[in-house]
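Shown below is the structure under consideration.
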Amino acid sequence: MKELPKSYESAKYEESIYQLWEKSGFFRPEGLPDAAGQGEPYAIMMPPPNVTGVLHLGHALENSLMDTMARYQRMRGKHVLLLPGTDHAAVATQAKVEKLLQAEGVKHPREQLGREKLLERIRAYSEESKAIILQQIKKMGTSCDWSRLAYTFDEQRNQAVNEIFSRMYQDGLIYRGARVVNWSVKGQSTCSDDELVYVERPAKLYYFKYSHDFPITIASTRPETKLGDTAVAVNPTDERYRHLIGKIFTVDVGAAEPLSLKIIGSSAVDPAFGTGALGVTPAHSQVDFDVYEQQKAANDPIGLVQVIGQDGNMTAAAGGYAGLTVVAAREKFVAWLTDQGLLEKTEDISQNVGTHERFGDVAEALPLTQWFVAVNKEIPGRGKTLKELMRQAVESGHNGDPAQKVRITPERFEKIYYHWIEHLRDWCISRQIWWGHRIPVWYRGEESYVGAEAPLGEGWAQDHDTLDTWFSSGLWTFSTLGWPAKTADLKNFHPTSWMQMGHEILFFWMARMILMSTYALDQIPFKDVYIHGILRDELGKKFSKSSGNGVDPIEVIKQYGCDALRWSVLSGISPGNDSRFYDEKIEGARNLVNKLWNICRFMLLSISNPDSKLRKGILPATNEASGLADAWIVHRLERVRRDVTENLERFNFSYAGERLRDFTWNELADWYLEIAKIEGGKDELLNYIFNTLLKLWHPFMPFVTEAIWQEVYGQENLLMVEQWPAMDPLIDEFGEAHYFEHLEPTMAEADFASFQEIVTAIRSARADNKVEPAKKIAVYVKEKTPLCKNNAAILKALARISDLTVAQDTQKPEGAIALTAGGVEIFIDLAGAIDPEKEKARLEKELAEVAAYIPALAAKLQNQDFVARAPEKVIAGEKAKLAAAEEKQAKLKQQLIALSA
RNA sequence: GGGCAAUUAGCUCAGUUGGUUAGAGCGUUACAUUGACAUUGUAAAGGUCACAGGUUCGAAUCCUGUAUUGCCCACCA
């Protein structure tokens, strides 16, 4: 067997290994070794990254999560489909390309280039971006099925979009209507409520009257919109104003027409806030528009006057203010109020304003005719609204079936989801940008037609608007599987098994996938959603281009390797919580990868013949040379196998990994391999450990484990499709290894722990007394009562490891120091190297510690309540502790006396 | 204003359903260095588990309140 290099060089392996995996066909479920076998389908749809740029660290986290899960499930024998794709990200991409064009000097891209040319530019940009992204996904080691690569804006997905639009339209769930919507002047498009980003900023609150004879003072931070007021709302219980309800006042504030203001009652108005009266501007406030609708329904209508236009300037209805920008109109109006003596006071307040997620400007509320999804309308034949479908899928299961329940990890996000649903309004899905799925509706005069293609006949023109990008990504779990065709993939893989996402897209995406899937397929989109937090820098700040703290995951891979990147983003995370990413973490990850490499390298050097039979994961038969350390490591390996498996099942990626790290480094490398060096002759067992270890590590560190595996077994035998280690027949349900017949399995753990304590105590004493590491010293273990059944094994190990000599049943030699550890007395002859004063101080310190501990334990055991109520096991444990402490105390006292004698 | 988290060693975090003298990694200190690995090893120091009550035989863990920090939602017109 050729010798491996001293340290793992990721760059040498990663590319060729990925190619090998890809070539193997195992990324495809039907390419798996047992594709026709019993394995159940397991599907993960990769959230498609936006084609607005390249992947960042957050994507590295997501890919690591998904690929770890996919590899684990694949090794468990599932028919895993990890499906990759990208998202055209309508607004985001168009906004990005327009910004780039503007930087190139094209000030008004839409007017200057026109629809077709601009779309061409965006397409070119997005294709370039897409190509880079796909390369990056490969570099991250992602084991996804490239043959099923999807794009939210390709032909297949466009069919799905058109199909669902038509169905929802036929069901009356999509409608065209005039409502107040969010409008970005800069982007010249609508956006949904969820796309608003609220920013806090200082504002002035103006208190004024519309005219001198108007009886109520109102307050507003946007006085210019008051030119469009049509009512004043007061609380009907408010004694100050209730007598005015129903009255109509006509005031002239300089708009094209005098304002006709009706005083209306609304319990939503807080009498204690401000003046207790609210100027109602139906055209420029969502809330006020609701009031307008309510009044209409109650047969007490109020007017609607639009004073701000789509260009962000005042409309003709604003009379003397027409054509002014909003800000200029405000200044002019306030100046007029001041002149007239109508302005009573101003107040500086801080205010949250909704800005457009992509274009960044403050969104205006405008009344516009747009396309909407009706979330509160009953679906024909289903007896439920879309909102109810969305709620039920998470709450009790789709159609009340618990097996069709979307389970969210961590659970607390369920509450947030319900809360969001409560407040959900009809979803505005039409956008005036050009990059996106065109709305499949055709017009000719008064006629309209819904369908992908124009109907027969002349003169039909398609709706100019495009669809909200989330309308298409909402279909992702099934549009990727060929829907609306009834494909085998749909049957096999939907509902998908597991989905992960950041909490910031819970509403955008998770909610919409649930809506679309329950509506279109009568199925939930996925059984489990894992919500991860975001990665922050070492100071806890978000990574962003503007803060200049960005980390390029591909650079990290180049420098430290993909496995190190994966480990550094995965370790330390917990569901739903943010985590920090910093250099030391990557270095630590790189060190771990290298440690694993060297552990395997050492095992291979020690094994005379790596045995491919052991790949099946069966423990080798007992052999004569087996000792305590062997029993212990087998036991510990089984425990870690179980812990890793259980925790991956529960999506505790970080804990599973930590557990594996702890075993590998602190148990296997630091203890067992050191002993194995001395004892020797462990071919079979080392083979077994080597095999199992690589399999357990593979989902976390696919490259380094596969690299080692191939060095041993050749390129025809890929680790990625080895079977995940199962419980060995020789290990019982309690995790005890019945492997070494001459050893009690339950004792292995305790005995080895004693052994470790003894060794550590000796090392510590040597260090305290500055004994040169290379110097051999005599150690005597005094055995009063048999330490345990495996005492011989311990003593044997003690005698063989490091530089110790052991004698049984002995008196403390002259000048030796005495220790109590692991339940026995130990004498170390330092050949006069000790300082008696120092030794006395050490003993006294230890004595003080144990003396302080004993009374607490004793008191506990004398407490009748404790003895009566605590479980047997706990009481027995406390008694044992007390006994051990008392024995130690006695020994320490003796040792002190002996020292002063 | 409503809601949700977090608060444990200098730093980053575990602590799996209440039961060790509360753990890890990094950092720190001392020592080591040709034998798998300095991307290393050995040993050590370091914590009133934010605070105050309560429940319990027993609380980092459960309950109530307070403080600080972060996030989400609503919004003040």
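Chain letters run A, B, ... following the sequence lines, proteins first, then strands; residues in each count from 1.
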inquiry  = So, using side chain to side chain donor-acceptor pair (under 3.5 Å) as the criterion, who are the partners of A:Thr664 when residues are at least two apart?
reply    =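 So A:Thr664 forms a side chain to side chain donor-acceptor pair (under 3.5 Å) with A:Trp697.
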When all nucleic acid strands are considered with a 4.0 Å heavy-atom cut-off, which category describes A:Thr760: base, sugar-phosphate, or nothing?
->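 Sugar-phosphate contact only.
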ask   = Listed by chain and number, what are the salt bridge (Lys or Arg N to Asp or Glu O under 4.0 Å) partners of A:Lys677, not counting sequence neighbours?
value =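 A:Lys677 satisfies salt bridge (Lys or Arg N to Asp or Glu O under 4.0 Å) with A:Glu674 once adjacent residues are dropped.
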Under-3.5 Å N/O pairs linking protein and nucleotides 7-13 of chain B:
residue	atom	partner	partner atom	Å
B:U12	OP1	A:Arg580	NH1	3.3
B:U12	O2'	A:Tyr582	OH	3.3

Read 5' to 3' with Watson-Crick or G-U pairs under 3.5 Å, [ ] for crossing pairs and | for partners on another strand, RNA chain B gives (((((((..((((.....[...)))).(((((.......))))).....(((((..]....))))))))))))....
Between B:C62 and B:A5 - P atom distance, rounded Å
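About 11 Å, rounded to a whole number of Å.
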#### Entry: Polar side-chain contact A:Glu674-B:A36 base: donor and acceptor under 3.5 Å
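Such a pair is found, so the answer is yes.
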* To do: Apply salt bridge (Lys or Arg N to Asp or Glu O under 4.0 Å) to A:Arg601 and list each qualifying residue two or more places apart in sequence or on a separate chain.
  =>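 Salt bridge (Lys or Arg N to Asp or Glu O under 4.0 Å) check on A:Arg601 returns A:Glu3.
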Non-neighbouring partners of A:Pro236 that pass side-chain contact (heavy atoms from CB on, under 4.5 Å), sequence neighbours left out
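Testing A:Pro236 for side-chain contact (heavy atoms from CB on, under 4.5 Å), a comparison that skips the adjacent residues, returns A:Ile245.
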For A:Trp665, ring-ring contact (aromatic ring centres under 6.0 Å, His included) partners two or more places apart: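 Once residues adjacent in sequence are excluded, A:Trp665 has no partner under the ring-ring contact (aromatic ring centres under 6.0 Å, His included) criterion.
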For A:Glu584, enumerate each residue passing the salt bridge (Lys or Arg N to Asp or Glu O under 4.0 Å) test, keeping only those at least two apart in sequence or located in another chain.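 By the salt bridge (Lys or Arg N to Asp or Glu O under 4.0 Å) rule, A:Glu584 matches no residue at all.
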Do any of residues 408-424 of chain A sit with a heavy atom less than 4.0 Å from RNA chain B, and if so which?
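A:Arg412, A:Lys415, A:His419 - these, ordered by number, are the residues of the stretch whose heavy atoms sit under 4.0 Å from the strand.
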Measure CD1/A:Ile607 against P/B:A36 and give the value in whole Å, please.
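So the two atoms are 14 Å apart, to the nearest Å.
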Quiz item: ring-ring contact (aromatic ring centres under 6.0 Å, His included) with A:Tyr210: which residues, sequence neighbours excluded?
Solution: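 Expected list: A:Phe214.
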Q) What salt bridge (Lys or Arg N to Asp or Glu O under 4.0 Å) pairs are there with at least one residue in residues 531-543 of chain A, not counting sequence neighbours? A)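 Non-adjacent pairs meeting salt bridge (Lys or Arg N to Asp or Glu O under 4.0 Å): A:Arg536-A:Asp578.
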Salt bridge (Lys or Arg N to Asp or Glu O under 4.0 Å) partners of A:Glu344, counting only residues at least two apart: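 Salt bridge (Lys or Arg N to Asp or Glu O under 4.0 Å) check on A:Glu344 returns nothing, list empty.
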- [ ] Describe the nucleic acid contact of A:Asn352 in one word from base, sugar-phosphate, nothing, applying a heavy-atom distance below 4.0 Å.
- [x]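 Base contact.
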**Asked** Contact class for A:Arg650 (heavy atom, under 4.0 Å): base, sugar-phosphate, or nothing?
**Response**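 It contacts base atoms.
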